[in-house]
Amino acid sequence: MNPDAPAQPLHVLLAPLLALAACLLALRFLPGGEGLVDAGQGAALLLRLAGSLTWLAGAWLLIRVLEALFWQRLLPLRGGVRIPRLLRQLVAVLLFLLTIGVLLTQVWGLSVLPMLATTGAVGIIAGLALRNLLADFFSGIALNVEHPFRLDDFVLLHVRGKREPVAGFVREINWRSTTVLTPEDNLISVPNSAVARATVENLSFPSPVYELELEVVLDWALDTARLEPVLSAAMLEAWTLGATSGDKPPKFRIRRLDGAGVAYKIAYLIDPRRKPKGPARHALLSCLHRHLRYAGLRPVMSEMAASGLPPRPQRFLDAESSADRRIVIDHIGLLSALTAGERGRLAGRVRVCRVPAGAAVVRQGEAGHSMYLVAAGVLDVRVRAEGAAEAARSAVLSPGDFFGEMSLLTGSPRTATVTALCPALLFEVPCELMADLLDARPALAESLSQVVAEHLRHDAAVRAPEAAAPLPEPSFAQALAARIRNFFATRPAD
């Protein structure tokens, strides 16, 4: 049975009910149905067979009732737990064995004890031949009794002979093995005997949230007062995107000072039910890399420090320098349609905006004739749908992102409210600056429309599972280019 499958419907009880009813009717209407005294030898045999079938049908009905009502409905709903398949099957086997013992004594008049003694020697021989299978079986029973983990717990199984632990969610404990679903959506079956000998690390108990650490070494010469906002913004983005758990972003502090540089320890919480260890670490490091790169920084190479070679000089990018602004602008995807000379002119004329935490940069529905490039910080994008009580988050922006391009290129109202979650540094591209670029190169409208259309297609594809937003048609870029040309042609001169 699939552990994630829904509970069995109640009509599975119909077959054992019909079987039991048929056996009872056979007992009632067979010759000598009131007893075996007046029945002949053939009728007595039929009655015993019908009685045996009646007992077996009753046991079958009882097992079905336990499975459909008790195991799959009452316990999960009232107790909030799922019973492993092994325990359910063990109860079923015990009920069948008990039923067979009762029908042998009550229906056939046989004594069970001599039969058990006769089969003892055979059981010893079979046990020796099947010792591995029996070890897995009894280890599975021990796991169900001791409960080192439950179904759906996230565990690390440090199995002997394996360098890396088996990590994942416990999906089932059956007769021979324990099935684990890894973060990569692979099912691994570990023999129960190996699980019983392994060191079990249950990351879901007593709390599913646990702490991990990572370390980044940065240059000695960097001013910590300027570095801490960069690290704080990276941690805030990772937490906002759900890469880490807890009620606040990850913490960081200086761990040590050595010849390599200043080592910062980053402590973060993860909930493996929401984000497994590997993907959580990847997302956190991606945010850290992005914020450091747009600040002009990189981790110190320990190999270079150990070799005695002088480290490459590092410094923070200066927003007041057009050359440093150009470094950020060269990484903005929307501006890839511009030539190197056009990006240089843009870097010299953008407006530098420093936004405090909590301030709204643009508001939904307002008129807007500029776009913004994110150079530092984290911003929250919220859209209020028609009739909704409050705005819902649609995106989180970080260095390298941009917003307001549709208002800049077409003059349309703002479609979202963008608020700074921490102090942010933005480069504002005003309408008159874009107009000068389009006057110098009219074909730029087609290039920009292609980039914007591809950006909208990507956003629509990401949102498609949650909102049925239609993907822009290939002709959308041509229509957008016409809107851009029309907007700047009819725009009054300054």
Side-chain angles (χ1 to χ4, degrees), residues 149 153-158 164-169 182-184 199-302 305 314 316 357-358 376-380 393 396-399 420-424:
F149 47 78
D153 281 355
F154 191 91
V155 298
L156 298 179
L157 303 178
H158 300 272
E164 297 294 330
V166 178
F169 297 93
T182 69
E184 292 78 21
T199 301
V200 179
E201 188 175 354
N202 191 339
L203 301 183
S204 297
F205 185 84
S207 171
V209 178
Y210 64 99
E211 183 177 278
L212 294 175
E213 295 180 357
L214 60 86
E215 184 179 281
V216 58
V217 182
L218 299 173
D219 193 1
W220 267 96
L222 298 176
D223 184 1
T224 56
R226 297 187 62 185
L227 178 61
E228 288 181 359
V230 178
L231 297 179
S232 297
M235 301 301 101
L236 177 61
E237 183 189 8
W239 177 70
T240 305
L241 294 176
T244 65
S245 297
D247 56 358
K248 59 182 63 177
K251 300 176 293 185
F252 63 89
R253 56 177 58 94
I254 295 177
R255 166 176 278 178
R256 69 176 186 276
L257 304 175
D258 55 27
V262 182
Y264 284 85
K265 181 190 77 171
I266 299 173
Y268 61 101
L269 300 174
I270 71 167
D271 185 347
R273 299 170 302 177
R274 296 174 49 198
K275 179 83 74 172
K277 176 181 176 181
R281 183 183 179 89
H282 170 79
L284 179 59
L285 288 175
S286 297
C287 294
L288 185 62
H289 172 260
R290 184 183 308 111
H291 286 263
L292 289 175
R293 181 164 66 97
Y294 278 91
L297 309 178
R298 71 182 74 86
V300 173
M301 296 177 61
S302 57
Q314 294 192 42
F316 291 94
V378 182
L379 298 103
D380 183 35
R393 173 177 291 160
V396 175
L397 304 178
S398 59
L421 296 177
C422 63

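By convention here, the first residue in the shown sequence is residue 1.
For the pair F316/L227, a side-chain contact is recorded, criterion being any heavy-atom separation below 4.5 Å from C-beta on. Residues V200 and L157 form a side-chain contact, since some pair of their non-hydrogen atoms from C-beta on lies under 4.5 Å apart. Looking only at side-chain heavy atoms (C-beta outward), T224 and V262 stay at 4.5 Å or farther from each other. Contact annotation: the side chain of L212 never approaches that of I266 to less than 4.5 Å [non-hydrogen atoms, C-beta and beyond]. Side-chain atoms of D219 and R298, non-hydrogen and from C-beta on, never get closer than 4.5 Å to each other. Counting only heavy atoms from C-beta outward, the side chains of L269 and T244 never approach each other to under 4.5 Å. With a 4.5 Å cut-off on side-chain heavy atoms, L257 and W220 count as touching.
Between L214 atom CG and K265 atom NZ the span is 10.5 Å, to the nearest 0.5 Å. Taken to the nearest 0.5 Å, the CH2 atom of W239 stands 9.0 Å off from the CG atom of L421. How far CD of E215 is from CZ of F252: 14.5 Å, rounded to the nearest 0.5 Å. Going from atom OG of S286 over to atom CG of L241 covers 10.5 Å, rounded to the nearest 0.5 Å. Here the CZ atom belonging to F154 is positioned 10.0 Å from the CD atom belonging to E201, to the nearest 0.5 angstrom. The CG atom of L284 sits 11.0 Å away from the NZ atom of K275 when rounded to the nearest 0.5 Å.
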Go through the steps for H291 and L231 under the test side chain to side chain contact (heavy atoms under 4.5 Å, CB included), then give the verdict.
-> CA-CA 8 Å; H291 286 263; L231 297 179; over 6 Å; no

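Within the structure, the salt bridge (Lys or Arg N to Asp or Glu O under 4.0 Å) test picks out the following pairs touching residues 278-290 (sequence neighbours left out): E237-R290.
Here the shortest heavy-atom pairing between G377 and A233 reads CA-CB, 4.2 Å. When every heavy atom of C422 is checked against every heavy atom of A357, the shortest pair comes out as CA-CB, 3.6 Å. Residues A424 and A420 approach most closely at CB-CB, 4.3 Å, considering heavy atoms. Between A243 and A280, the shortest heavy-atom distance links the atoms O-CB, 3.3 Å.
Not counting sequence neighbours, the partners of D380 by the salt bridge (Lys or Arg N to Asp or Glu O under 4.0 Å) test are R382, R393. Partners of E213 according to the side chain to side chain donor-acceptor pair (under 3.5 Å) rule, which considers only residues two or more places apart in sequence or in another chain, are R255.
Side-chain atoms of D153 never come within 3.5 Å of backbone atoms of V155 as a donor-acceptor pair (strictly under, hydrogens ignored).
The 12-atom threshold is not exceeded at NE2 of H282, counting heavy atoms of other residues, nucleotides or ligands nearer than 6.0 Å.
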